2 protein chains.
Amino acid sequence: MKLTPEQLQQFDRDGYLFFPGLFTPQETRTLNEAVPALYARREAFNVREKNSDAVRTNFAAHLYSEPFARLARHPRMVEPVMDLFQEQVYMHQFKINGKMAFEGDVWQWHQDYGTWLNDDLMPTERAMNVAIFLDDVNEYNGPLMFIPGSHKKGVVDAKHDLTTTSYPLWTVDDALIAQLVERAGGKNGGIVSPKGPAGSMIVFHSCLVHASSSNLSPWNRVSVYLSLCAVSNHIRRFKRPEFIAHRDFTPIECLPDDCLLKPYPVDLPWKNGMPASALVTSPGPIDQMKKAA
Amino acid sequence: MKLTPEQLQQFDRDGYLFFPGLFTPQETRTLNEAVPALYARREAFNVREKNSDAVRTNFAAHLYSEPFARLARHPRMVEPVMDLFQEQVYMHQFKINGKMAFEGDVWQWHQDYGTWLNDDLMPTERAMNVAIFLDDVNEYNGPLMFIPGSHKKGVVDAKHDLTTTSYPLWTVDDALIAQLVERAGGKNGGIVSPKGPAGSMIVFHSCLVHASSSNLSPWNRVSVYLSLCAVSNHIRRFKRPEFIAHRDFTPIECLPDDCLLKPYPVDLPWKNGMPASALVTSPGPIDQMKKAA
(Lines give C-alpha, C1' and ligand atoms only; values in the text may rest on other atoms or scores of the structure.)
Protein backbone atom coordinates (compact mmCIF):
# COMPACT_ATOMS: atom_id res chain seq x y z
CA MET A 1 0.00 0.00 0.00
CA LYS A 2 1.73 3.16 -1.28
CA LEU A 3 0.42 6.57 -0.27
CA THR A 4 -0.50 8.91 -3.14
CA PRO A 5 1.09 12.37 -3.50
CA GLU A 6 -2.29 13.82 -2.41
CA GLN A 7 -2.25 11.70 0.74
CA LEU A 8 1.32 12.73 1.56
CA GLN A 9 0.36 16.38 1.10
CA GLN A 10 -2.76 15.95 3.22
CA PHE A 11 -0.78 14.28 5.98
CA ASP A 12 1.73 17.10 5.95
CA ARG A 13 -1.02 19.73 6.17
CA ASP A 14 -3.50 18.12 8.58
CA GLY A 15 -1.30 15.69 10.52
CA TYR A 16 -3.50 12.65 9.91
CA LEU A 17 -4.97 10.34 7.27
CA PHE A 18 -8.25 8.47 7.64
CA PHE A 19 -8.93 5.11 5.94
CA PRO A 20 -12.61 4.21 6.57
CA GLY A 21 -13.32 0.47 6.54
CA LEU A 22 -9.72 -0.50 5.69
CA PHE A 23 -10.14 -3.86 7.41
CA THR A 24 -13.19 -6.02 6.71
CA PRO A 25 -15.73 -7.04 9.39
CA GLN A 26 -14.33 -10.57 9.07
CA GLU A 27 -10.82 -9.27 9.83
CA THR A 28 -11.78 -7.23 12.87
CA ARG A 29 -14.08 -9.89 14.31
CA THR A 30 -11.19 -12.13 15.42
CA LEU A 31 -9.52 -9.17 17.10
CA ASN A 32 -12.68 -7.98 18.82
CA GLU A 33 -13.49 -11.46 20.08
CA ALA A 34 -10.07 -11.72 21.72
CA VAL A 35 -10.54 -8.54 23.79
CA PRO A 36 -12.75 -9.71 26.71
CA ALA A 37 -10.28 -12.44 27.74
CA LEU A 38 -7.40 -9.95 27.61
CA TYR A 39 -9.34 -7.37 29.64
CA ALA A 40 -10.32 -9.98 32.23
CA ARG A 41 -6.72 -10.58 33.28
CA ARG A 42 -5.58 -9.01 36.56
CA GLU A 43 -2.16 -7.88 35.40
CA ALA A 44 -0.10 -4.71 35.48
CA PHE A 45 -0.69 -4.32 31.72
CA ASN A 46 -4.42 -3.68 32.26
CA VAL A 47 -5.02 -0.15 33.52
CA ARG A 48 -8.60 0.28 34.73
CA GLU A 49 -10.79 3.42 34.82
CA LYS A 50 -10.63 5.65 37.88
CA ASN A 51 -14.23 5.10 38.97
CA SER A 52 -14.97 1.65 37.61
CA ASP A 53 -13.50 -1.75 36.93
CA ALA A 54 -13.67 -1.28 33.15
CA VAL A 55 -10.32 -1.48 31.34
CA ARG A 56 -9.08 1.87 30.06
CA THR A 57 -5.90 0.60 28.41
CA ASN A 58 -4.43 -2.82 27.81
CA PHE A 59 -0.74 -2.79 26.93
CA ALA A 60 1.50 -5.03 24.81
CA ALA A 61 -1.10 -7.58 23.66
CA HIS A 62 1.00 -8.23 20.55
CA LEU A 63 3.44 -10.07 22.82
CA TYR A 64 0.91 -12.52 24.26
CA SER A 65 -2.16 -12.64 21.94
CA GLU A 66 -1.98 -14.31 18.52
CA PRO A 67 -4.54 -12.14 16.69
CA PHE A 68 -2.92 -8.93 17.92
CA ALA A 69 0.59 -10.23 17.17
CA ARG A 70 -0.60 -10.64 13.57
CA LEU A 71 -2.17 -7.17 13.49
CA ALA A 72 1.17 -5.75 14.68
CA ARG A 73 2.72 -7.14 11.46
CA HIS A 74 -0.07 -6.21 9.05
CA PRO A 75 1.19 -4.66 5.80
CA ARG A 76 -1.90 -2.44 5.43
CA MET A 77 -0.95 -0.84 8.75
CA VAL A 78 2.87 -0.91 8.64
CA GLU A 79 3.59 0.01 5.02
CA PRO A 80 2.00 3.48 4.97
CA VAL A 81 4.07 4.35 8.03
CA MET A 82 7.31 3.12 6.47
CA ASP A 83 6.30 5.05 3.38
CA LEU A 84 5.99 8.25 5.41
CA PHE A 85 9.33 7.73 7.18
CA GLN A 86 11.22 6.07 4.33
CA GLU A 87 12.71 3.81 6.99
CA GLN A 88 11.95 0.57 8.83
CA VAL A 89 9.96 0.81 12.05
CA TYR A 90 9.71 -1.04 15.36
CA MET A 91 6.82 -1.24 17.83
CA HIS A 92 7.24 1.44 20.49
CA GLN A 93 3.83 1.06 22.13
CA PHE A 94 0.83 -1.21 21.65
CA LYS A 95 -2.48 -0.41 23.35
CA ILE A 96 -6.04 -1.66 23.19
CA ASN A 97 -8.05 1.23 24.64
CA GLY A 98 -11.45 0.32 26.02
CA LYS A 99 -13.59 3.46 26.14
CA MET A 100 -16.27 1.04 27.22
CA ALA A 101 -20.02 1.69 27.02
CA PHE A 102 -21.20 3.93 29.91
CA GLU A 103 -17.77 3.67 31.63
CA GLY A 104 -15.19 5.12 29.22
CA ASP A 105 -13.64 8.25 30.68
CA VAL A 106 -12.11 11.25 28.89
CA TRP A 107 -8.59 11.49 27.50
CA GLN A 108 -7.47 15.06 28.05
CA TRP A 109 -5.86 17.10 25.22
CA HIS A 110 -2.31 15.85 24.68
CA GLN A 111 0.43 15.02 22.20
CA ASP A 112 1.95 11.56 22.34
CA TYR A 113 5.43 12.61 21.39
CA GLY A 114 5.57 14.91 24.42
CA THR A 115 5.37 11.85 26.66
CA TRP A 116 7.83 9.85 24.58
CA LEU A 117 10.33 12.69 24.75
CA ASN A 118 9.84 13.50 28.44
CA ASP A 119 9.66 9.94 29.72
CA ASP A 120 11.45 7.80 27.16
CA LEU A 121 14.03 10.20 25.68
CA MET A 122 12.90 9.46 22.13
CA PRO A 123 15.18 11.77 20.08
CA THR A 124 12.79 13.10 17.39
CA GLU A 125 9.15 13.02 16.25
CA ARG A 126 9.84 10.15 13.81
CA ALA A 127 7.26 7.86 15.42
CA MET A 128 3.71 7.45 14.20
CA ASN A 129 0.38 6.71 15.83
CA VAL A 130 -2.04 4.34 14.18
CA ALA A 131 -5.59 3.89 15.48
CA ILE A 132 -7.63 0.90 14.31
CA PHE A 133 -11.33 0.82 15.25
CA LEU A 134 -12.54 -2.51 16.59
CA ASP A 135 -16.04 -1.07 17.07
CA ASP A 136 -18.07 1.36 15.00
CA VAL A 137 -17.21 4.91 16.01
CA ASN A 138 -19.96 7.53 16.08
CA GLU A 139 -20.48 10.93 17.69
CA TYR A 140 -21.90 9.34 20.85
CA ASN A 141 -19.23 6.87 21.94
CA GLY A 142 -16.34 9.23 22.63
CA PRO A 143 -14.57 9.50 19.26
CA LEU A 144 -11.03 10.82 18.88
CA MET A 145 -10.86 14.58 18.33
CA PHE A 146 -7.94 16.19 16.48
CA ILE A 147 -6.84 19.77 16.01
CA PRO A 148 -5.77 19.70 12.36
CA GLY A 149 -2.32 21.10 11.70
CA SER A 150 -1.40 21.23 15.38
CA HIS A 151 1.53 18.87 14.71
CA LYS A 152 3.28 21.79 12.97
CA LYS A 153 3.86 23.37 16.38
CA GLY A 154 6.26 20.58 17.35
CA VAL A 155 6.38 19.79 21.05
CA VAL A 156 4.26 22.26 23.00
CA ASP A 157 4.25 22.98 26.72
CA ALA A 158 2.55 20.35 28.81
CA LYS A 159 1.96 19.60 32.46
CA HIS A 160 1.88 16.14 34.01
CA ASP A 161 -1.76 15.48 34.92
CA LEU A 162 -1.85 12.75 37.56
CA THR A 163 -5.38 13.26 38.88
CA THR A 164 -8.05 13.69 36.18
CA THR A 165 -8.04 10.05 35.07
CA SER A 166 -6.41 6.79 36.15
CA TYR A 167 -3.58 7.18 33.62
CA PRO A 168 -0.94 9.94 33.93
CA LEU A 169 -0.65 12.14 30.87
CA TRP A 170 1.35 15.18 29.78
CA THR A 171 -1.59 17.46 28.97
CA VAL A 172 -1.76 20.73 27.06
CA ASP A 173 -2.95 23.96 28.67
CA ASP A 174 -6.52 25.18 27.92
CA ALA A 175 -5.41 28.57 26.59
CA LEU A 176 -3.06 26.95 24.08
CA ILE A 177 -5.78 24.52 22.96
CA ALA A 178 -8.13 27.45 22.36
CA GLN A 179 -5.44 29.17 20.31
CA LEU A 180 -4.63 26.07 18.23
CA VAL A 181 -8.33 25.42 17.53
CA GLU A 182 -8.84 29.04 16.47
CA ARG A 183 -5.81 28.86 14.16
CA ALA A 184 -7.19 25.66 12.61
CA GLY A 185 -10.51 27.33 11.71
CA GLY A 186 -12.38 27.69 15.00
CA LYS A 187 -15.90 26.35 14.69
CA ASN A 188 -15.23 25.69 10.98
CA GLY A 189 -12.91 22.71 11.14
CA GLY A 190 -10.79 23.66 14.16
CA ILE A 191 -11.65 20.29 15.66
CA VAL A 192 -12.28 17.18 13.58
CA SER A 193 -13.42 13.75 14.60
CA PRO A 194 -13.09 10.90 12.08
CA LYS A 195 -15.96 8.43 12.47
CA GLY A 196 -16.61 5.18 10.68
CA PRO A 197 -17.21 1.45 10.87
CA ALA A 198 -15.12 -1.07 12.77
CA GLY A 199 -12.02 -1.76 10.70
CA SER A 200 -11.33 1.89 9.91
CA MET A 201 -7.79 3.17 10.44
CA ILE A 202 -6.31 6.56 11.28
CA VAL A 203 -2.60 7.32 10.88
CA PHE A 204 -1.66 10.42 12.86
CA HIS A 205 1.45 12.43 13.60
CA SER A 206 3.00 11.98 17.04
CA CYS A 207 2.75 15.76 17.64
CA LEU A 208 -0.91 16.04 16.61
CA VAL A 209 -2.89 17.35 19.58
CA HIS A 210 -5.82 15.06 20.37
CA ALA A 211 -8.38 14.18 23.05
CA SER A 212 -11.57 12.20 23.45
CA SER A 213 -14.72 12.68 25.48
CA SER A 214 -16.39 10.23 27.81
CA ASN A 215 -18.57 7.44 26.42
CA LEU A 216 -22.09 7.68 27.84
CA SER A 217 -23.53 5.55 25.03
CA PRO A 218 -24.41 1.85 25.24
CA TRP A 219 -21.75 1.11 22.57
CA ASN A 220 -18.17 0.13 23.34
CA ARG A 221 -15.53 2.03 21.43
CA VAL A 222 -12.55 -0.34 21.57
CA SER A 223 -9.59 0.78 19.45
CA VAL A 224 -6.06 -0.47 18.97
CA TYR A 225 -3.43 2.27 19.16
CA LEU A 226 -0.10 1.26 17.73
CA SER A 227 2.92 3.53 17.91
CA LEU A 228 5.54 2.74 15.29
CA CYS A 229 8.95 4.34 15.71
CA ALA A 230 11.62 4.68 13.04
CA VAL A 231 14.36 2.26 14.07
CA SER A 232 17.08 4.96 14.15
CA ASN A 233 14.83 6.99 16.48
CA HIS A 234 14.57 4.34 19.22
CA ILE A 235 14.13 5.47 22.82
CA ARG A 236 17.20 6.23 24.92
CA ARG A 237 15.82 5.67 28.43
CA PHE A 238 13.89 2.85 30.11
CA LYS A 239 12.15 4.98 32.74
CA ARG A 240 8.77 3.31 32.12
CA PRO A 241 8.08 -0.43 32.33
CA GLU A 242 8.69 -2.40 29.16
CA PHE A 243 5.00 -3.20 28.67
CA ILE A 244 4.38 0.53 28.19
CA ALA A 245 7.50 1.54 26.21
CA HIS A 246 9.10 -1.33 24.34
CA ARG A 247 12.83 -2.02 24.34
CA ASP A 248 13.10 -4.35 21.37
CA PHE A 249 14.09 -2.20 18.40
CA THR A 250 14.02 -5.00 15.82
CA PRO A 251 12.34 -3.81 12.59
CA ILE A 252 8.83 -5.17 12.05
CA GLU A 253 8.65 -7.83 9.33
CA CYS A 254 5.23 -7.81 7.70
CA LEU A 255 3.10 -10.91 7.24
CA PRO A 256 1.00 -11.40 4.08
CA ASP A 257 -2.09 -9.26 3.58
CA ASP A 258 -4.47 -12.04 4.66
CA CYS A 259 -2.79 -12.48 8.03
CA LEU A 260 -5.93 -11.66 10.02
CA LEU A 261 -7.76 -14.48 8.25
CA LYS A 262 -5.18 -17.29 8.29
CA PRO A 263 -3.22 -18.66 11.25
CA TYR A 264 0.30 -17.60 10.24
CA PRO A 265 2.71 -18.53 13.04
CA VAL A 266 3.84 -15.64 15.24
CA ASP A 267 6.24 -15.36 18.14
CA LEU A 268 4.58 -14.71 21.54
CA PRO A 269 7.47 -14.04 23.93
CA TRP A 270 5.17 -13.08 26.86
CA LYS A 271 2.73 -15.94 26.29
CA ASN A 272 3.56 -17.43 29.70
CA GLY A 273 3.68 -14.09 31.51
CA MET A 274 5.74 -10.94 31.49
CA PRO A 275 9.41 -11.43 32.32
CA ALA A 276 10.52 -9.78 35.58
CA SER A 277 12.88 -7.61 33.55
CA ALA A 278 9.90 -5.85 31.93
CA LEU A 279 9.19 -4.12 35.22
CA VAL A 280 12.80 -3.04 35.83
CA THR A 281 13.19 0.66 35.09
CA SER A 282 16.11 3.04 35.19
CA PRO A 283 16.18 6.82 35.73
CA GLY A 284 19.18 7.37 33.44
CA PRO A 285 19.78 7.02 29.70
CA ILE A 286 20.64 3.56 28.35
CA ASP A 287 24.24 4.42 27.45
CA GLN A 288 24.79 5.06 31.17
CA MET A 289 23.10 1.73 31.95
CA LYS A 290 25.57 -0.01 29.65
CA LYS A 291 28.54 1.73 31.29
CA ALA A 292 27.27 0.77 34.74
CA ALA A 293 26.86 -2.90 33.72
CA MET B 1 -47.12 30.43 17.91
CA LYS B 2 -49.47 27.47 17.31
CA LEU B 3 -48.00 24.01 16.78
CA THR B 4 -48.98 22.26 13.55
CA PRO B 5 -50.69 18.83 13.57
CA GLU B 6 -47.36 17.41 12.25
CA GLN B 7 -45.50 18.93 15.18
CA LEU B 8 -48.02 17.58 17.68
CA GLN B 9 -47.68 14.13 16.11
CA GLN B 10 -43.89 14.35 16.12
CA PHE B 11 -43.85 15.40 19.75
CA ASP B 12 -46.07 12.49 20.66
CA ARG B 13 -43.84 10.01 18.81
CA ASP B 14 -40.34 11.34 19.62
CA GLY B 15 -40.90 13.25 22.84
CA TYR B 16 -39.29 16.48 21.63
CA LEU B 17 -39.48 19.29 19.09
CA PHE B 18 -36.48 21.25 17.84
CA PHE B 19 -36.71 24.88 16.69
CA PRO B 20 -33.29 25.87 15.23
CA GLY B 21 -32.52 29.59 15.47
CA LEU B 22 -35.90 30.48 17.01
CA PHE B 23 -34.39 33.51 18.74
CA THR B 24 -32.17 35.93 16.82
CA PRO B 25 -28.51 36.61 17.69
CA GLN B 26 -29.65 40.06 18.85
CA GLU B 27 -32.16 38.47 21.24
CA THR B 28 -29.74 35.97 22.76
CA ARG B 29 -26.88 38.47 23.09
CA THR B 30 -28.51 40.31 26.02
CA LEU B 31 -29.07 37.00 27.80
CA ASN B 32 -25.57 35.72 27.16
CA GLU B 33 -23.99 38.96 28.31
CA ALA B 34 -25.83 38.74 31.63
CA VAL B 35 -24.43 35.28 32.45
CA PRO B 36 -20.89 36.05 33.73
CA ALA B 37 -22.18 38.42 36.46
CA LEU B 38 -24.74 35.82 37.56
CA TYR B 39 -22.13 33.04 37.62
CA ALA B 40 -19.70 35.21 39.59
CA ARG B 41 -22.03 35.40 42.60
CA ARG B 42 -21.17 33.23 45.59
CA GLU B 43 -24.69 32.12 46.43
CA ALA B 44 -26.51 28.88 47.11
CA PHE B 45 -28.20 29.19 43.72
CA ASN B 46 -24.88 28.68 41.89
CA VAL B 47 -23.84 25.01 41.93
CA ARG B 48 -20.25 24.58 40.77
CA GLU B 49 -18.58 21.61 39.04
CA LYS B 50 -17.08 18.86 41.19
CA ASN B 51 -13.48 19.42 40.11
CA SER B 52 -13.46 23.10 39.20
CA ASP B 53 -14.87 26.49 40.08
CA ALA B 54 -16.91 26.68 36.89
CA VAL B 55 -20.68 27.00 37.39
CA ARG B 56 -22.61 23.86 36.48
CA THR B 57 -26.09 25.22 37.21
CA ASN B 58 -27.46 28.60 38.16
CA PHE B 59 -30.98 28.52 39.57
CA ALA B 60 -33.89 30.95 39.53
CA ALA B 61 -32.29 33.81 37.58
CA HIS B 62 -35.76 34.86 36.39
CA LEU B 63 -36.36 36.14 39.94
CA TYR B 64 -33.34 38.47 40.08
CA SER B 65 -32.16 39.14 36.49
CA GLU B 66 -34.16 41.37 34.15
CA PRO B 67 -33.24 39.71 30.83
CA PHE B 68 -34.02 36.25 32.19
CA ALA B 69 -37.24 37.46 33.82
CA ARG B 70 -38.30 38.55 30.33
CA LEU B 71 -37.26 35.24 28.75
CA ALA B 72 -39.40 33.45 31.36
CA ARG B 73 -42.42 35.28 29.91
CA HIS B 74 -41.56 34.97 26.22
CA PRO B 75 -44.54 33.93 24.07
CA ARG B 76 -42.34 31.99 21.61
CA MET B 77 -41.31 29.78 24.53
CA VAL B 78 -44.49 29.65 26.65
CA GLU B 79 -47.19 29.34 23.98
CA PRO B 80 -46.12 26.04 22.42
CA VAL B 81 -46.10 24.51 25.90
CA MET B 82 -49.58 25.83 26.72
CA ASP B 83 -50.64 24.53 23.32
CA LEU B 84 -49.39 21.03 24.21
CA PHE B 85 -51.07 21.05 27.63
CA GLN B 86 -54.16 23.08 26.73
CA GLU B 87 -53.74 24.74 30.11
CA GLN B 88 -51.91 27.64 31.72
CA VAL B 89 -48.45 26.94 33.12
CA TYR B 90 -46.23 28.20 35.97
CA MET B 91 -42.43 28.14 36.31
CA HIS B 92 -41.42 25.02 38.22
CA GLN B 93 -37.66 25.30 37.66
CA PHE B 94 -35.36 27.79 35.96
CA LYS B 95 -31.72 26.90 35.29
CA ILE B 96 -28.84 28.36 33.34
CA ASN B 97 -26.53 25.39 32.86
CA GLY B 98 -22.90 26.22 32.18
CA LYS B 99 -21.25 23.23 30.50
CA MET B 100 -18.29 25.58 30.25
CA ALA B 101 -15.37 25.18 27.83
CA PHE B 102 -12.89 22.55 29.09
CA GLU B 103 -14.68 22.29 32.47
CA GLY B 104 -18.24 21.16 31.75
CA ASP B 105 -18.87 17.75 33.27
CA VAL B 106 -21.30 15.02 32.18
CA TRP B 107 -25.00 14.82 33.03
CA GLN B 108 -25.82 11.17 33.49
CA TRP B 109 -28.85 9.56 31.79
CA HIS B 110 -32.00 10.67 33.59
CA GLN B 111 -35.60 11.77 33.31
CA ASP B 112 -36.58 15.06 34.91
CA TYR B 113 -40.04 13.99 35.96
CA GLY B 114 -38.53 11.19 38.05
CA THR B 115 -36.93 13.82 40.26
CA TRP B 116 -40.02 16.00 40.36
CA LEU B 117 -42.11 13.04 41.43
CA ASN B 118 -39.64 11.63 43.95
CA ASP B 119 -38.58 14.91 45.50
CA ASP B 120 -41.39 17.36 44.85
CA LEU B 121 -44.47 15.10 44.72
CA MET B 122 -45.55 16.50 41.38
CA PRO B 123 -48.70 14.48 40.61
CA THR B 124 -48.36 13.78 36.86
CA GLU B 125 -46.05 14.28 33.87
CA ARG B 126 -47.84 17.48 32.83
CA ALA B 127 -44.68 19.59 33.04
CA MET B 128 -42.44 20.41 30.10
CA ASN B 129 -38.75 21.05 29.64
CA VAL B 130 -37.58 23.82 27.36
CA ALA B 131 -33.92 24.24 26.44
CA ILE B 132 -32.75 27.49 24.87
CA PHE B 133 -29.19 27.62 23.53
CA LEU B 134 -27.25 30.73 24.49
CA ASP B 135 -24.17 29.42 22.62
CA ASP B 136 -23.83 27.51 19.37
CA VAL B 137 -24.15 23.78 20.05
CA ASN B 138 -22.01 21.35 18.08
CA GLU B 139 -20.85 17.76 18.48
CA TYR B 140 -17.80 18.86 20.48
CA ASN B 141 -19.23 20.94 23.30
CA GLY B 142 -21.31 18.34 25.08
CA PRO B 143 -24.72 18.56 23.35
CA LEU B 144 -27.89 17.14 24.84
CA MET B 145 -28.56 13.51 23.85
CA PHE B 146 -32.09 12.10 23.75
CA ILE B 147 -33.45 8.59 23.37
CA PRO B 148 -36.43 9.26 21.05
CA GLY B 149 -39.69 7.78 22.25
CA SER B 150 -38.34 6.97 25.71
CA HIS B 151 -41.00 9.23 27.26
CA LYS B 152 -43.56 6.57 26.35
CA LYS B 153 -42.18 4.39 29.14
CA GLY B 154 -43.45 6.81 31.79
CA VAL B 155 -41.38 6.95 34.95
CA VAL B 156 -38.67 4.29 34.86
CA ASP B 157 -36.58 2.93 37.73
CA ALA B 158 -33.85 5.26 38.88
CA LYS B 159 -31.25 5.39 41.61
CA HIS B 160 -30.08 8.53 43.43
CA ASP B 161 -26.55 9.22 42.18
CA LEU B 162 -24.82 11.44 44.72
CA THR B 163 -21.20 10.90 43.66
CA THR B 164 -20.59 11.12 39.91
CA THR B 165 -21.03 14.88 39.66
CA SER B 166 -21.57 17.80 42.02
CA TYR B 167 -25.35 17.70 41.56
CA PRO B 168 -27.50 14.79 42.84
CA LEU B 169 -29.59 13.15 40.15
CA TRP B 170 -32.03 10.23 39.89
CA THR B 171 -30.20 8.30 37.16
CA VAL B 172 -31.35 5.42 34.98
CA ASP B 173 -29.63 2.04 35.02
CA ASP B 174 -27.20 1.19 32.15
CA ALA B 175 -29.06 -1.98 31.13
CA LEU B 176 -32.33 -0.09 30.74
CA ILE B 177 -30.62 2.65 28.72
CA ALA B 178 -29.18 0.02 26.38
CA GLN B 179 -32.65 -1.47 25.96
CA LEU B 180 -34.34 1.90 25.31
CA VAL B 181 -31.69 2.86 22.74
CA GLU B 182 -32.07 -0.47 20.96
CA ARG B 183 -35.84 -0.08 20.88
CA ALA B 184 -35.43 3.43 19.40
CA GLY B 185 -33.33 2.14 16.50
CA GLY B 186 -29.92 1.31 18.01
CA LYS B 187 -27.15 2.88 15.97
CA ASN B 188 -29.78 4.15 13.51
CA GLY B 189 -31.43 6.90 15.49
CA GLY B 190 -31.49 5.32 18.94
CA ILE B 191 -29.75 8.42 20.25
CA VAL B 192 -30.25 11.88 18.76
CA SER B 193 -28.57 15.15 19.53
CA PRO B 194 -30.11 18.37 18.20
CA LYS B 195 -27.40 20.89 17.30
CA GLY B 196 -27.69 24.42 16.06
CA PRO B 197 -26.90 28.08 16.54
CA ALA B 198 -27.40 30.11 19.69
CA GLY B 199 -31.08 30.99 19.93
CA SER B 200 -32.28 27.48 19.06
CA MET B 201 -34.96 25.95 21.28
CA ILE B 202 -35.87 22.39 22.20
CA VAL B 203 -39.17 21.49 23.87
CA PHE B 204 -38.99 18.05 25.45
CA HIS B 205 -41.22 15.76 27.48
CA SER B 206 -40.49 15.51 31.18
CA CYS B 207 -40.15 11.71 30.87
CA LEU B 208 -37.77 11.82 27.89
CA VAL B 209 -34.51 10.12 28.91
CA HIS B 210 -31.53 12.41 28.27
CA ALA B 211 -27.87 12.95 29.10
CA SER B 212 -24.92 15.01 27.95
CA SER B 213 -21.21 14.35 27.71
CA SER B 214 -18.38 16.46 29.05
CA ASN B 215 -17.23 19.57 27.17
CA LEU B 216 -13.54 19.27 26.25
CA SER B 217 -13.85 21.93 23.55
CA PRO B 218 -12.82 25.59 23.85
CA TRP B 219 -16.48 26.62 23.37
CA ASN B 220 -18.91 27.26 26.21
CA ARG B 221 -22.28 25.59 25.87
CA VAL B 222 -24.50 27.71 28.09
CA SER B 223 -28.20 26.82 27.88
CA VAL B 224 -31.29 27.92 29.74
CA TYR B 225 -33.48 25.06 30.92
CA LEU B 226 -36.98 26.10 31.86
CA SER B 227 -39.47 23.67 33.32
CA LEU B 228 -43.06 24.75 32.86
CA CYS B 229 -45.70 22.92 34.86
CA ALA B 230 -49.45 22.88 34.18
CA VAL B 231 -50.96 24.91 37.00
CA SER B 232 -53.27 22.10 38.13
CA ASN B 233 -50.22 19.83 38.36
CA HIS B 234 -48.31 21.97 40.89
CA ILE B 235 -45.95 20.25 43.32
CA ARG B 236 -47.30 18.95 46.62
CA ARG B 237 -44.12 18.97 48.74
CA PHE B 238 -41.42 21.56 49.47
CA LYS B 239 -38.62 19.12 50.21
CA ARG B 240 -36.12 21.08 48.08
CA PRO B 241 -35.23 24.75 48.52
CA GLU B 242 -37.43 27.19 46.67
CA PHE B 243 -34.65 28.30 44.32
CA ILE B 244 -34.63 24.74 42.92
CA ALA B 245 -38.36 23.91 42.93
CA HIS B 246 -40.60 26.96 42.86
CA ARG B 247 -43.61 27.43 45.11
CA ASP B 248 -45.40 30.23 43.30
CA PHE B 249 -48.03 28.58 41.11
CA THR B 250 -49.29 31.78 39.49
CA PRO B 251 -49.84 31.27 35.73
CA ILE B 252 -47.19 32.90 33.52
CA GLU B 253 -48.44 35.99 31.71
CA CYS B 254 -46.59 36.47 28.46
CA LEU B 255 -44.93 39.71 27.41
CA PRO B 256 -44.99 40.87 23.77
CA ASP B 257 -42.87 39.01 21.22
CA ASP B 258 -40.16 41.70 21.22
CA CYS B 259 -39.59 41.45 24.97
CA LEU B 260 -35.91 40.49 24.60
CA LEU B 261 -35.28 43.67 22.65
CA LYS B 262 -37.23 46.26 24.63
CA PRO B 263 -37.07 46.98 28.38
CA TYR B 264 -40.58 45.91 29.39
CA PRO B 265 -40.91 46.19 33.17
CA VAL B 266 -40.71 42.91 35.08
CA ASP B 267 -41.05 41.98 38.72
CA LEU B 268 -37.78 40.86 40.38
CA PRO B 269 -38.82 39.61 43.83
CA TRP B 270 -35.32 38.29 44.70
CA LYS B 271 -33.48 41.35 43.35
CA ASN B 272 -32.13 42.15 46.81
CA GLY B 273 -31.36 38.56 47.74
CA MET B 274 -33.23 35.34 48.36
CA PRO B 275 -35.72 35.46 51.21
CA ALA B 276 -34.84 33.20 54.14
CA SER B 277 -38.06 31.29 53.51
CA ALA B 278 -36.65 30.03 50.18
CA LEU B 279 -34.27 27.78 52.10
CA VAL B 280 -36.92 26.40 54.47
CA THR B 281 -37.87 22.88 53.44
CA SER B 282 -40.31 20.34 54.75
CA PRO B 283 -40.26 16.55 54.57
CA GLY B 284 -44.06 16.21 54.37
CA PRO B 285 -46.68 17.17 51.76
CA ILE B 286 -47.98 20.76 51.77
CA ASP B 287 -51.47 19.84 52.96
CA GLN B 288 -49.82 18.54 56.15
CA MET B 289 -47.83 21.78 56.38
CA LYS B 290 -51.09 23.73 56.23
CA LYS B 291 -52.66 21.57 58.91
CA ALA B 292 -49.60 22.03 61.14
CA ALA B 293 -49.68 25.81 60.66
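Values in this document were obtained by computation on a predicted structure and should not be read as measured data.
- Using cut-offs of 30° and 60° on the angle between ring planes, the pair A:Trp116 and A:Tyr113 is perpendicular.
- Taking the six-membered ring for Trp and the full ring otherwise, the centers of A:His205 and A:Tyr16 sit at least 6.0 Å from each other.
- For the pair A:Thr57 (side chain) and A:Val47 (backbone), a donor-acceptor distance under 3.5 Å is absent.
- By the 30° and 60° cut-offs, the orientation of the rings of A:Phe204 relative to A:Tyr225 is perpendicular.
- Of the listed residues A:Ala101, A:Ser193, A:Gly190, the one with more heavy-atom pairs under 4.5 angstrom with chain B than any other is A:Ser193.
- Using a 4.5 Å cut-off on side-chain heavy atoms (C-beta onward), B:Val209 and B:His110 make no contact.
- Considering only heavy atoms from C-beta on, A:Asn215 stays 4.5 Å or farther from A:Met100 through its side chain.
- Ranking B:Lys187, B:Glu103, B:Glu182 against chain A, the residue ahead of the rest is B:Lys187, based on heavy-atom pairs under 4.5 Å.
- Taking non-hydrogen atoms and a 4.5 Å limit, the residue list of residues 140-150 of chain B in contact with chain A, ordered by number, reads B:Tyr140, B:Met145.
- Side-chain atoms of A:Ile132 and A:Met77, non-hydrogen and from C-beta on, do get closer than 4.5 Å to each other.
- Close approach to chain A, defined as a heavy atom under 4.5 Å from one of its heavy atoms, is seen in B:Asp174, B:Ile177, B:Ala178 of residues 151-178 of chain B, taken by number.
- Using modelled atom types, one side-chain atom of B:Asn32 and one backbone atom of B:Leu134 make a donor-acceptor pair closer than 3.5 Å.
- In this structure, the side chains of A:Ile191 and B:Pro218 come closer than 4.5 Å at one or more pairs of heavy atoms.
- The shortest distance between side-chain heavy atoms of B:Gln108 and A:Leu216 does not fall below 4.5 Å.
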